[in-house]
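Single-structure report; data block below.
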Amino acid sequence: MGDKQPYKPPNQARYPKAIRPRFLRSKSGCLGCRIRRKKCDEQKPACKSCQKQQLICAWPNGDHDIPQSHGFAWQINLKAGGRVSKTPISVSKPCARQVPPHETSQNIIRDASRDHDVICDLGWPGVPISLQGSNHFHMLIEHYVKITSHVLTGRENHTNPFLSPTLELAAADNLVMHAVLAVSGIHCQHVTKDPDVLVTTYKHYGTVLKGLKYALTHWVERTSPEKSLSLLLVAILMCMYEALGGNDNGAMSLHVRAAREFCSHLITREPMARSLPLAGILFEAYAYFAALSHLERRALELMPDQDPIISDIDCIKTYQTFGSYMGCAYQLYELIPTISRLVLYEKRSISRNDDPKLQALYEDTKRAVADWTPDEHQAHNYAETMAGMIVQKTLLMLLHECRIVEGQGPQHVMRDIQPLIEETMSLAEIISKEPVSCVLAWPMMITGSMMVEKRQRHRLLSLFGTHPTHTALAEQTVRLLNLVWEDDDKSVFGITGLGTVAKQHKTYMCYA
């Protein structure tokens, strides 16, 4: 009994309190570590923690507290002592060289080593040295400036919003920079087939997804319009990443959902956001991708029944960049959600003609599409007018698809669809070398899904083979069309047929 040790409480410390090591929170660390509540080694000009996480390492001017900010961990507000230069980035030098139609992406990338200093001279004062020294950084930036940025606009613009304004944001925001590099990488890799570029691209893509998820989790309505616009830019760039890559994993609809949160907030609750650079083209890009997302059943389930931005595109018509994606056919894009729901959900009722209200909606929509005419100020541009006519005829084909009886073939509607296919192909061949052809992949996919003659199919495949842009979207489109054409089931037809074969082969469609 005398040898019995005194009782020790189960939670008693292992060491006496006097010798326990003490770790005091640093109050003089960098802004990044203090906002993230991480220990800072206070190494200047950039601490190891910020270098590891590829963050902007900024230091306060004095001993005062961090200024009030609603920023995120990956996007530090540097109003107090930030190291990011506010000097605008000029990209006029590389932009001066336009890509001729006959010059391929392979030739430009091959020549990159000879004028590599053009991009290096731009300087990236706010981008961490660790990111600038990463694999393929300068090559991807150069590819973006010379090629990818011109593909993203869809149409020729006097000033490309995806050059100077976007790169200025990328220089101050690491998440935007990673998004730019990811988009450039997926486009460049499809041309070069370099596995190292693909690995680097996936790293940037993963970083963006992680940052965008964090932003959506912590984003609040009082976030400044500038930061919300940057997040919208990142979400739109991710939509373009999926479009250039073929969207075989179905992530497009998720990026559209993210963009909708920021876009709706900026348009409805932030009047000042309308005057910000990039606002106009980002709003239109969202409306474009959101409208086309309705054409795929699995993506349509994630879309709201009524999207005020798509149903009233007039609210964004005042921007100088308007028409970059929808051109003169914006009234037709407003009708896509209604048409897609008729085809994907109401085909049985329409084919049986057993619902008068639904039949009236069908007839009104069909009349609106058939009566469409381009705006007067855009009617003089033959390429824009023809592109609008292609969209018009594609939507008429979809409305004819509504009349196909479930389980039966399309024989009784081919009399109406066949002339539309011929007219669409003739128009597409005329403007196949025009910049506007970059945004016509989706109507050509729908048109191809309704082709029953081998002559028409070979004609469409040759059109895709001579397309001036090099993206995985064309390959994914051809792959899905071949699956539709090779299916023995005659009811595999149109966008319902595309959805069927995509689900059977565990892939997704990409309407872009």
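All figures in this text were calculated on a predicted structure; none of them were measured in a lab. Residue numbers run from 1 in the order of the sequence given.
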- prompt: Just how far is it from atom CG of Leu398 to atom CD1 of Ile417, taken to the nearest 0.5 Å?
  reply: 9.0 Å
query: Closest heavy-atom contact between Thr477 and Met445?
result: OG1-CE, 3.4 Å
- request: Classify the angle between the aromatic ring planes of Tyr205 and Tyr241 as parallel (below 30°), tilted (30 to 60°) or perpendicular (above 60°).
  value: parallel
- prompt: Taking atom CG of Leu395 and atom CD1 of Ile390, what is their separation to the nearest 0.5 Å?
  reply: 12.0 Å
- request: Look at the side chain of Ser432 and the backbone N and O of Glu429, then say whether any donor-acceptor pair between them is shorter than 3.5 Å.
  value: yes
- request: Quick one: pull up CD in Gln392 and CE in Met397 and give me the separation to the nearest 0.5 Å.
  value: 10.5 Å
task: For the pair His294 (side chain) and Ala290 (backbone), establish whether a donor and an acceptor sit closer than 3.5 Å, ignoring hydrogens and angles.
output: yes
query: Tell me, which pairs form a salt bridge (Lys or Arg N to Asp or Glu O under 4.0 Å) where one or both residues lie in residues 486-500, sequence neighbours left out?
result: none
query: Is there a donor-acceptor pair closer than 3.5 Å between any side-chain N or O of Ser340 and the backbone N or O of Pro337?
result: yes
field: Which atom of Trp485 lies closest to which atom of Gly448, heavy atoms considered
entry: NE1-O, 2.9 Å
- prompt: Going by the angle between their ring planes, with limits at 30° and 60°, are His178 and His204 parallel, tilted or perpendicular?
  reply: tilted
message: For Ile310 versus Ala287, what's the shortest heavy-atom pair and its separation?
response: CG1-O, 4.3 Å
message: Does the plane of the ring in Tyr330 sit parallel, tilted or perpendicular to the ring in Phe322? Use 30° and 60° as the thresholds.
response: perpendicular
- prompt: Sub-3.5 Å donor-acceptor pair from the side chain of Thr447 to the main-chain atoms of Ile421, do we have one?
  reply: no
task: Check whether any side-chain N or O of Lys506 sits under 3.5 Å from a backbone N or O of Lys503 as a donor-acceptor pair, and report yes or no.
output: no
- prompt: Can you tell me if CZ on Arg455 sees more than 12 non-hydrogen neighbours from other groups inside 6.0 Å?
  reply: yes
message: Are Asn247 and Gln476 packed together at the side-chain level, in the sense that at least one heavy-atom pair is separated by less than 4.5 angstrom?
response: no
Short N-O contact, Glu401 and Lys347, less than 4.0 angstrom: yes
field: Between NE2 on residue His138 and CD on residue Glu142, distance to nearest 0.5 Å
entry: 10.5 Å
- request: Before giving the answer on side chain to side chain contact (heavy atoms under 4.5 Å, CB included), spell out for Thr148 and Phe162 the whole-Å C-alpha distance, their side-chain angles and the decisive distance to 0.1 Å.
  value: CA-CA 9 Å; Thr148 308; Phe162 288 103; over 6 Å; no
query: Between Asn160 and Thr166, is any pair of side-chain heavy atoms under 4.5 Å apart?
result: no
field: Ile431/Tyr382 under side chain to side chain contact (heavy atoms under 4.5 Å, CB included): CA gap, chis, key distance, verdict
entry: CA-CA 9 Å; Ile431 62 174; Tyr382 81 95; 4.2 Å; yes
- line: Separation between CG (Leu460) and OG (Ser449), nearest 0.5 Å, reads 10.0 Å
task: Work out which heavy atom in Ala258 is nearest to a heavy atom in Leu212; give both atom names and the distance.
output: CB-CD2, 4.5 Å
field: Side chains of Cys328 and Trp372 in contact at under 4.5 Å (non-hydrogen atoms)
entry: yes
query: Would a 4.5 Å heavy-atom cut-off, applied to side chains only, mark Tyr508 and Asn249 as touching?
result: no
- request: Using a strict cut-off of less than 4.0 Å between a Lys/Arg side-chain nitrogen and an Asp/Glu carboxylate oxygen, indicate whether Arg459 and Glu453 qualify as a salt bridge.
  value: no
query: Under 4.5 Å between any side-chain heavy atoms of Leu361 and Glu346, yes or no?
result: no
statement: All heavy atoms of Ser351 vs all of Ile404, minimum pair found to be CB-O, 3.9 Å
query: Please walk me through it: do Tyr325 and Ile281 pass side chain to side chain contact (heavy atoms under 4.5 Å, CB included)?
result: CA-CA 9 Å; Tyr325 294 97; Ile281 197 166; 3.7 Å; yes
- prompt: Below 4.5 Å, heavy atoms only, C-beta onward: do Leu399 and Val369 meet side chain to side chain?
  reply: yes
field: Heavy-atom neighbours of Lys454 NZ exceed 12 at 6.0 Å
entry: no
- prompt: Are the side chain of Glu296 and the backbone N or O of Tyr511 linked by a donor-acceptor pair below 3.5 Å?
  reply: no
field: side-chain contact (heavy atoms from CB on, under 4.5 Å) partners for Gln189, two or more places apart
entry: Val197, Leu198
query: Under 4.5 Å between any side-chain heavy atoms of Leu480 and Thr507, yes or no?
result: yes
- request: Indicate the atoms forming the closest heavy-atom contact of Val145 with His150, along with that distance.
  value: O-NE2, 3.4 Å
task: Would you confirm whether His136, through its side chain, and Thr201, through its main-chain N or O, come within 3.5 Å as a donor-acceptor pair?
output: no
Side-chain H-bond candidate by donor/acceptor type, Tyr333 with Glu284, under 3.5 Å: no
- prompt: Is the shortest heavy-atom distance from the side chain of Glu434 to the side chain of Met386 under 4.5 Å?
  reply: no
Verdict with supporting geometry, Lys213 and Leu209, side chain to side chain contact (heavy atoms under 4.5 Å, CB included): CA-CA 6 Å; Lys213 179 181 179 181; Leu209 294 185; over 6 Å; no
- prompt: In Å and rounded to the nearest 0.5 Å, what is the CG to OG1 distance from Leu440 to Thr394?
  reply: 8.5 Å
